[in-house]
Each structure stands twice: as structure tokens, then as C-alpha cells.
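The figures here come from the full heavy-atom set of this structure, side chains too, leaving out hydrogens, waters and symmetry mates. Every value quoted in this text rests on a predicted model; they were computed, and no experiment measured them.
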2 protein chains.
Amino acid sequence: MVTIFDVAKAAGVSKSTASRAISGQGYVSQASKAKVLTAAAKLGYTPSILARQFRGQSTKNIGFIARTYYPAVGELLKYCTNILKKYGYGVTIYFTKDTAEEANILELFRLHALDGLFFVANRNNWSYIDRYTEYGPIVTWRRTDNQKVYSSYIDHYPLYKQILDYIYTEYGEINIGHVLNDPAKNNTKARLRAISEYTKLHPNSDNSWIVYYPEQENAGQQASLNYLTTKQTIDAVIVYSDYVAAEFMSTLRVNGINIPEELKLFGFDNSDFGKFMNISTIDTYLAIQAKNLTNRIICTLEHETFKEITIVPKVVIRQTC
Amino acid sequence: MVTIFDVAKAAGVSKSTASRAISGQGYVSQASKAKVLTAAAKLGYTPSILARQFRGQSTKNIGFIARTYYPAVGELLKYCTNILKKYGYGVTIYFTKDTAEEANILELFRLHALDGLFFVANRNNWSYIDRYTEYGPIVTWRRTDNQKVYSSYIDHYPLYKQILDYIYTEYGEINIGHVLNDPAKNNTKARLRAISEYTKLHPNSDNSWIVYYPEQENAGQQASLNYLTTKQTIDAVIVYSDYVAAEFMSTLRVNGINIPEELKLFGFDNSDFGKFMNISTIDTYLAIQAKNLTNRIICTLEHETFKEITIVPKVVIRQTC
DNA sequence: ATGAAAGCGCTAACAA
DNA sequence: TTGTTAGCGCTTTCAT
């Protein structure tokens, strides 16, 4: 391997002058700089990143942490990666099986193997995670009110109310079923609040069919099986993501349920699944959320001032509702 | 930061003994080992990964390289990451805009910042890329016959013939349109061969509507626009991926085309899009492909013998054809 | 079985 | 403006 010492020798200067010429830090005369640069080019020198990382205690790598893969994770990753690339940061991805695995990643962070952390979803409590903010920026897609961890969250409460009100206006006090994510999540709690408010206002609407599927994989299928076997009469179902809604609808259709004739359906997040399958949904502008989150990391790291883009979600009415 | 020197001091031994005790390399007495380990635990010592990486000239990180994001990329990433995790390897993701960006990643590889390379798709020629195989294993999802780069490829020629024959058996010599990927790709070439063979055998079948969309994003929409404006009569369309087929079908349906009544449709790869939208397709067992590719990397790195799992693709007939 | 010492390649404090 | 030197934390010869 050709080192900076080789370059210095070839250019007839010292290691430090060569270093200064190459990194652009500190004083170097034009003459020396030129000598060093040509020598470097001639020898085909590239700085050892490993040495740089070790020396500088920073890797220019961001950890992207999710619990499992599902399509929205891929979308977030795409946006995040493409923004960070422009600033010379790499993205290392982790799927965490449990709190211990997540703790390992936090240790990597403490040891500077990662310069920032982008949580799609967490496993440990925020109070545990936020201790690590002293090592660099931590952001999360999940809603949290934690002061140290940045969350570009969208309040699901008014959004959910909007869906419910839309259904009421269009169809009256029909029975609405709900497919929700992890009940421990703040977004889920916000939705539950909206549901209970709505039920108070519209006592004739039965909103009691509520099922929870914290993992998106197969959630739609499981929910549909549940739906098909319940004795309750349900006229509409709201699902927490388009992906899950798509699988839900697909399974129901195979079982002969006509949508929207027999059952109205609402998704959430306006992904390709919603688009392609013509599912009514709410666009929460995932790309902008990812941008806010990623910019927050960059601004902290590069000491720039961060300004958040305000997101105004939009109801998208399509064929299913 | 607590270093190995601190541990050594606390344990009353030398740095090297401490290192041996912790890494498990070389001779250490039970007594010393115990002393070191308790000291390490008491001090909350964790080895500096950055120093280890620098010293060992290896990061235990694999580069995962794609051109753009589309759902199958996410799936591959999921499988790849989860396997590598078990062996203690991380995965860093890159989306390459052009050959220069890809070349940068290859440089990272040369400098040992990456221990292996998983190409979903490449930008430079394989003859350029394969020079880097001396730095570690390189595998690719794309079909290549390059000797140095491992490709767990599936021959699309017999698969495509299978689809064409199925259509012929079911519907006779109808006109078939083709939505293909990059014409420069080997998979596309294999498909074109199958098409020309088929046309020779079935001269009444018009197979001349062939369109190419190298990027999956929006490909389905563009193809549908093309389809809607062509003067040719097309009875069936085969699309190179379920994702693109899904968007294609979605757009056509919005424009009042009935599928399968007016148009038969065939996808490829059996993804969730195909499943949820009931599109006939071929299952190429992406998970197993990813497994072969990933295992190949691991086996090279860990000096184990690699055995490939043979994949037998399966036609999946659904609603659209 | 253990310790001393060298060195991976780079950067930065300090001296000149 | 440049060179000297130290040191980041670890592993690994080479002696002992």
C-alpha cells in the first residue's frame, strides 16, 4: 500500500506537509502543494480510510435501524441514503431482533463506528437510548416526545379523525373496524383516542373490532382471517398502512368479498401498494419525513442550522372508500 | 475512553497479556485471564472497533450496491442483512448514480473499508470490476459469466419460453407484447432469444411490440402509456417484474382496460405486488438467490466450502393470464 | 506464560 | 511555511 510517507518522500517533503497538502488543512506553499499532489497522482495514492477513521474517531457512516423490513422501510432508506451520499456519509443498515441486538448497535455508536443513528423503529426504551445522544445525533421516524431524540412526527390523531369524519359524511354511522399497529406505540395511542372520541359522538357506529399487528409482514392476511371469522358486522375497515391494507384486501377478494361494495377500506401512508391497488389513503409525505430526519442528522454533524419542513398530510380518496 | 492499557494496569499484567486474554489469541494462564476479564468487566471496557479495524485492515462490513431502489432491492437487502448479521458482518448500502460513484465504492473496497461486495446491479463493466476481486469476494445478482465475480444466475431463456408456451397452449397464437429491462443485460438478451424462437415457430403471433425500461421506477406507467397509444393489437403482455406489471395493470385499469378479459398479463419474480394484485408470474425464489449470494461471500471470507442451493423456478398462474 | 516493543497510516501540537 | 515528534488502541512478533 502506498502511504502518505511514500508520497512525502517522492515529493521531497515531510509527512506532515504532505498531509496538509492532501487534506487541505493548515499552511502549505503553492509550490509544495503542487509537488505533493503530482507525486500523489503519480504513485496512485489514496488515503487509508481506516487510518483516517481511527485517527479522527469518526467513520462518516450513519446507522439505519429498523426492526424488520417492509416496503416503507425501503422507501425511507432510499431517501435517507441519497441525501447522506451528497454529504459523503454512508449508511449501514441494521434489523434488530431484540433489545440486545439494538444495544450492540448503540455500543458501535459509542465507539464511534457510527456517527449518527436513524431509527425507523426502536426496541429499547427511549430513556435507555437517549443516554447515547452524547455521542452524536439520534433521530427517529417513530413518534416520541423525548427531548434528546429528534422525531419528525406527524400527529395521527387529527388524521384519524379526518378519516372517520369522511366515512361518517359519506356513509353515515356505519360500523368501522380498525387494524392497528403495536398498541404500545404513540401513533396507535393517538388513533385509539380518535376512535374513542368518535364513538362517543356516534354511538350507533360500532367501533369495537380492533386488532393489533405490530409486524407488517403477513399482518394483512392475519387481519383478513380475523375479519372473515368474526361474528360482528363491519362496514368499513381502516388499516394502519397501505401495504397491510393491500394484503388485507387481496385476501378478502380471494374469499369473495367485494370491495368497496360490501366493505369500505382505508389505508395509510400512500405507498405504491395503495396507488396500484386504488386504495383510499392518507399521504403523509414519507419522502419529506425522511428528508427532515436526515437533514437533522447532517445539520448536527456539520454544524449547520436545521430547519424543519412542515408536512401537511392529505387525504387521498380512491376506489375503496 | 477505557483502553486495553487501563485494563492491563488494573489487572496487574501487561498490555499484551490483556490483549491475549480478551481476544482469545495465544497463550494466557487461567489465572491471568480471570484477572483481566474481571478488570475489564469492572471498568466497563469495550475494545475500540476503530482500532481493531485499522489494525486488522478489515471492517466486517459488506457493501450492498444497487443502482436505484425498487421493492426487490429491499427484499434482497433484507435477506442479505439477516444472514450476514449471524456472522457478525454489517451491511452498508450504496445507490450508484454513475460509474464514478461506483468506482468510489470499489476504492473503499480496495482500502479495506469493505470486506465484500454484493452487487444488485453494476455500472462499470465486469472487466473493470473484476480487478478488485483480489481484495475480497464480489458477487452479483445480475447475470454475468465473468469468472471472478460470482453470479447465482437464473437462465431467463427457458423461463420465458415457458411463459410463451403457456400462453400459446391456453390462448393459441395471440399477439404478445413485451416490457423488458435494459437491452444490454444478459437476462434481457435471453428473453429476446426466447421471443425470436417463439416467433419463428408461431408466425401468426405478432411479438413486435417490445419496449425497454431499464429503471423500474415509473416503468409500468410509461409502458401503459405506450400501450394505450400504439396502433398494434396486443392480446397479452409479459412484464419483466411484478412491480412494473402491477403499475402497468393499475394504470391500464384506470384507463378502462379490463384484465384479463381484454388483455392477458404476466409478471415476473412473484413479489408481494404480484401476490396482492393476483398477477400470473414466475417465482424465481429471490430469498434463495440472496442466500446463495450471501453465503458465497461468507464462505470466501470465513474459509468455508460453499455449496450452492439449486433453484427451480415455478410458474404461478393467477387471475391475469 | 508473560512482557517489551514495534508498527498499522494518519493528523496535529509544537518547534524551528 | 515546514519538519519533528507523539500518539490514537490494538495485535503480534520476539525475547525472556
Side-chain angles (χ1 to χ4, degrees), chain A residues 1-40 43-61 88 107-115 135, chain B residues 1-40 43-61 88 107-115 135:
Chain A
M1 174 176 232
V2 29
T3 75
I4 201 164
F5 182 71
D6 302 321
V7 175
K9 209 167 50 180
V13 299
S14 77
K15 244 178 22 166
S16 15
T17 305
S19 171
R20 283 189 282 256
I22 285 155
S23 66
Q25 304 283 334
Y27 301 104
V28 214
S29 69
Q30 283 303 317
S32 314
K33 189 165 184 175
K35 274 194 295 182
V36 170
L37 261 30
T38 50
L43 295 174
Y45 167 77
T46 326
S48 156
I49 339 167
L50 258 29
R52 279 228 173 122
Q53 291 182 355
F54 174 49
R55 178 58 237 241
Q57 292 291 303
S58 138
T59 56
K60 286 231 154 202
N61 252 282
E107 278 304 285
L108 289 181
F109 188 47
R110 184 172 70 82
L111 296 163
H112 309 292
L114 261 10
D115 289 350
Y135 302 105
Chain B
M1 176 175 232
V2 28
T3 76
I4 201 165
F5 181 73
D6 302 321
V7 176
K9 209 166 50 180
V13 299
S14 76
K15 239 175 30 162
S16 8
T17 305
S19 171
R20 284 190 279 256
I22 285 155
S23 65
Q25 304 282 334
Y27 301 104
V28 213
S29 68
Q30 285 303 319
S32 311
K33 189 165 183 174
K35 273 193 296 182
V36 170
L37 261 30
T38 50
L43 295 174
Y45 167 77
T46 326
S48 156
I49 338 165
L50 258 30
R52 280 229 172 121
Q53 291 181 356
F54 174 50
R55 178 58 236 245
Q57 291 291 301
S58 140
T59 56
K60 287 232 154 199
N61 252 281
E107 279 305 284
L108 289 182
F109 187 47
R110 183 173 70 81
L111 296 162
H112 310 290
L114 259 11
D115 290 350
Y135 302 106

- Query: Under 3.5 Å, is there a donor-acceptor pair linking the side chains of A:Ser23 and A:Arg52?
  - Reply: no
- Round to a whole Å and report the spacing from CD of A:Gln25 to P of D:dT1. 16 Å
- Query: When you measure from the side chain of B:Thr59 to the backbone N and O of B:Gln53, does any donor-acceptor pair fall under 3.5 Å?
  - Reply: no
- Query: For D:dG3, does either OP1 or OP2 sit under 4.0 Å from a side-chain N or O belonging to A:Ser14?
  - Reply: yes
- Query: Using 30° and 60° as the class limits, which term best fits the ring planes of A:His112 and A:Tyr135: parallel, tilted or perpendicular?
  - Reply: perpendicular
- In whole angstrom, what separates B:Phe5's CZ from D:dT11's P? 16 Å
- Task: When you get a sec, tell me which of D:dG7, D:dG3, D:dT11 is the closest nucleotide to the side chain of A:Val13?
- Result: D:dG3
- Of the candidate nucleotides D:dG3, D:dC8, D:dT1, which contains the atom at the shortest distance from the side chain of A:Arg55? D:dC8
- Message: So if I take every side-chain heavy atom of B:Pro47 and compare against D:dC10, D:dG7, D:dG3, which nucleotide ends up nearest?
- Response: D:dC10
- Separation of D:dG3 atom P from A:Arg20 atom CZ, nearest Å, is 8 Å
- Taking only the side-chain heavy atoms of B:Phe54 (C-beta and beyond), determine which of D:dT2, D:dT11, D:dG9 contains the nearest atom. D:dG9
- Check A:Leu43 against A:Ala10 and note the closest heavy-atom contact, atom names and distance. CD1-CB, 4.0 Å
- Message: Looking only at side-chain N and O atoms, does A:Thr46 offer a donor or acceptor that is under 3.5 Å from a partner on B:Arg110?
- Response: yes
- So which heavy atom on B:Ser19 is nearest to which on B:Ile4, and how close? CA-CD1, 3.3 Å
- Query: With a non-hydrogen cut-off below 4.0 angstrom, is B:Ser19 in contact with a base, only sugar-phosphate, or nothing?
  - Reply: base
- Which whole-number value in Å describes the distance from A:Gln57 CD to D:dG7 P? 16 Å
- Does anyone know the first and last nucleotide of DNA chain C in reach of chain B, 5' to 3', at under 4.0 angstrom to a heavy atom? C:dA1 to C:dG9
- Message: Could you check whether the side chain of A:Ser16 and the base of D:dT4 have a donor-acceptor pair of N or O atoms closer than 3.5 Å, going by distance alone?
- Response: yes
- Message: In this structure, how many angstroms lie between the P atom of D:dG3 and the OH atom of A:Tyr27, rounded?
- Response: 17 Å
- Task: Please tell me which of A:Ala18 and B:Thr17 maps to the more 5' nucleotide of DNA chain D, matching each residue to the nucleotide holding its nearest heavy atom.
- Result: A:Ala18
- Whole-Å distance between D:dC8 P and B:Ile4 CD1? 14 Å
- Note on the structure: Looking only at heavy atoms, the pair that brings A:Met1 and A:Ser48 closest together is CE-CB, 4.0 Å
- From CD1 of B:Ile49 across to P of D:dT11 the rounded distance in Å is 12 Å
